[in-house]
Amino acid sequence: MRRISILVLSAIFLTACVSKKKYTALQQDNGELKSELTKTQVENEELEQKFAMIQQRVDSYNSKINELTDENNSQLVSVDGVVISENQKQAMRESLKSVPPAYMATAKTLKDSMNLALEFNLKASMDNIEEDEDIAVNIEQTVVMISISDKMLFNSGSYKISNKANEILQKIANVINSEESLDVMVEGHTDNKQMRNNAAVKDNWDLSVLRATAVVKKLQDDYNVAPEQLIAAGRSSYMPLTDNDSEENRSKNRRTRIVILPNIDKFFAMMESK
């Protein structure tokens, strides 16, 4: 009987020990969970504060955008089907003031007026480029075509620009830089003579393209013409001015043509961005 009692007491003691260990472990886990909960609550409060600050900035920006939209909408006008702001309309009027009224007599729309204004300003800009046997300038409406002989720009059979070209290229760059809405195509033209065997330049296609590219790079690098306004093209010998039946005629066909093209759509886009 006494032995049974001792066994029962031992079992109760062991059970109590195990329960106490579990209890201690549970208390520890509980403490860690409370600590994690507190940390999460603090982080949540910080996030809510940040969100509130961001929301405040968004509301502020939306308010400013709405104010600007209301202001701009109140100033938008339609001119010949083109929607522009009142400020843009005033800027266009200023650009037209320099054009004689008689020059604008044929204009029927706003785009007509702007085309004529560009044409007038281009012609005025071209006054500083004098024509001679090596330089020809032709203006058809708003398109300016400047033809320059190869001896003015390059050494014979070469695509390296000579120092003689600096003056004329500077004047052309001044015209291009005076108006952001111009596109400029530089065309290389050759005669029909074949290249020598083992020459550095393979054929007239290569020569015409390399000469056009050389002029484009010169305008960009030395005279600050925006590259997005420039186009380089090679025509080889396939657009001659005359027959290639004499040295004099072949000399006429060896030329670089610079075509200045006012882009009226780009002009309007430029005005809308100001």
Side-chain angles (χ1 to χ4, degrees), residues 68 71-72 75-101 103-104 106-130 135-148 153 161 165-188 211-234 256-274:
L68 290 173
E71 180 181 348
N72 288 336
Q75 295 180 352
L76 291 179
V77 294
S78 178
V79 182
D80 298 324
V82 180
V83 178
I84 58 177
S85 72
E86 188 63 37
N87 289 339
Q88 291 161 8
K89 181 180 176 183
Q90 292 300 324
M92 289 183 182
R93 283 177 174 171
E94 289 298 320
S95 68
L96 293 173
K97 283 183 179 179
S98 61
V99 185
Y103 201 87
M104 308 295 292
T106 59
K108 295 181 180 180
T109 66
L110 176 61
K111 284 195 174 184
D112 288 343
S113 299
M114 298 315 302
N115 266 319
L116 288 171
L118 286 169
E119 177 184 339
F120 177 83
N121 291 329
L122 281 173
K123 286 182 177 179
S125 300
M126 300 306 296
D127 285 345
N128 64 345
I129 299 179
E130 298 179 2
I135 302 173
V137 179
N138 184 32
I139 301 176
E140 295 180 3
Q141 294 185 346
T142 60
V143 178
V144 177
M145 289 164 284
I146 307 168
S147 184
I148 309 171
L153 295 177
I161 296 179
N166 290 337
E167 183 178 357
I168 182 62
L169 291 181
Q170 174 69 77
K171 291 180 179 180
I172 292 171
N174 291 341
V175 173
I176 301 170
N177 289 333
S178 69
E179 177 54 68
E180 295 179 44
S181 64
L182 299 178
D183 287 331
V184 182
M185 178 178 288
V186 179
E187 297 177 346
R211 284 183 166 181
T213 304
V215 172
V216 162
K217 290 179 178 178
K218 184 81 171 177
L219 292 171
Q220 176 184 345
D221 297 339
D222 292 0
Y223 303 113
N224 299 318
V225 175
E228 58 268 20
Q229 292 181 256
L230 297 169
I231 306 165
T256 298
R257 190 170 78 148
I258 298 177
V259 184
I260 301 176
L261 305 158
N263 188 325
I264 194 66
D265 292 329
K266 188 186 293 184
F267 177 84
F268 275 103
M270 180 186 68
M271 293 299 298
E272 289 172 4
S273 67
K274 291 184 175 179

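Applying the side-chain contact (heavy atoms from CB on, under 4.5 Å) test between V186 and each of V216, I172, T213, I146 identifies V216 as the sole match.
The side-chain hydrogen bond (donor to acceptor under 3.5 Å, both in side chains) search around N177 returns none, not counting sequence neighbours. In terms of the side-chain contact (heavy atoms from CB on, under 4.5 Å) criterion, residue partners of N138 (sequence neighbours excluded) are, by chain and number, E140, M145. Here K171 pairs with N128, I129, E167 under the side-chain contact (heavy atoms from CB on, under 4.5 Å) rule; sequence neighbours left out. For the side-chain contact (heavy atoms from CB on, under 4.5 Å) test, residues two or more places apart in sequence or in another chain that qualify with P100 are Y103, F120. Legend: residues meeting side-chain hydrogen bond (donor to acceptor under 3.5 Å, both in side chains) with Q220, ordered by chain and number and at least two apart, are absent. Partners of N174 under the side-chain contact (heavy atoms from CB on, under 4.5 Å) rule, at least two apart in sequence or in another chain, are Q170.
One finds the NZ atom of K217 at 13.0 Å from the CG atom of L219 (value rounded to the nearest 0.5 Å). Residue L261 holds its CG atom at 7.0 Å from CD1 of I231, rounded to the nearest 0.5 Å. Between the CD atom of E228 and the CG atom of D183 there is a distance of 10.0 Å, given to the nearest 0.5 Å. Rounded to the nearest 0.5 angstrom, L153 CG and I258 CD1 are separated by 7.0 Å. Between atom CD of residue Q229 and atom CD1 of residue I176 there is a gap of 7.0 Å, rounded to the nearest 0.5 Å.
A233 and A212 make their closest contact through O-CB, 3.2 Å (heavy atoms, listed as atom of the first residue, atom of the second, distance).
Between D222 and K218 there is a salt bridge, with a side-chain nitrogen of the basic residue lying less than 4.0 Å from a carboxylate oxygen of the acidic one.
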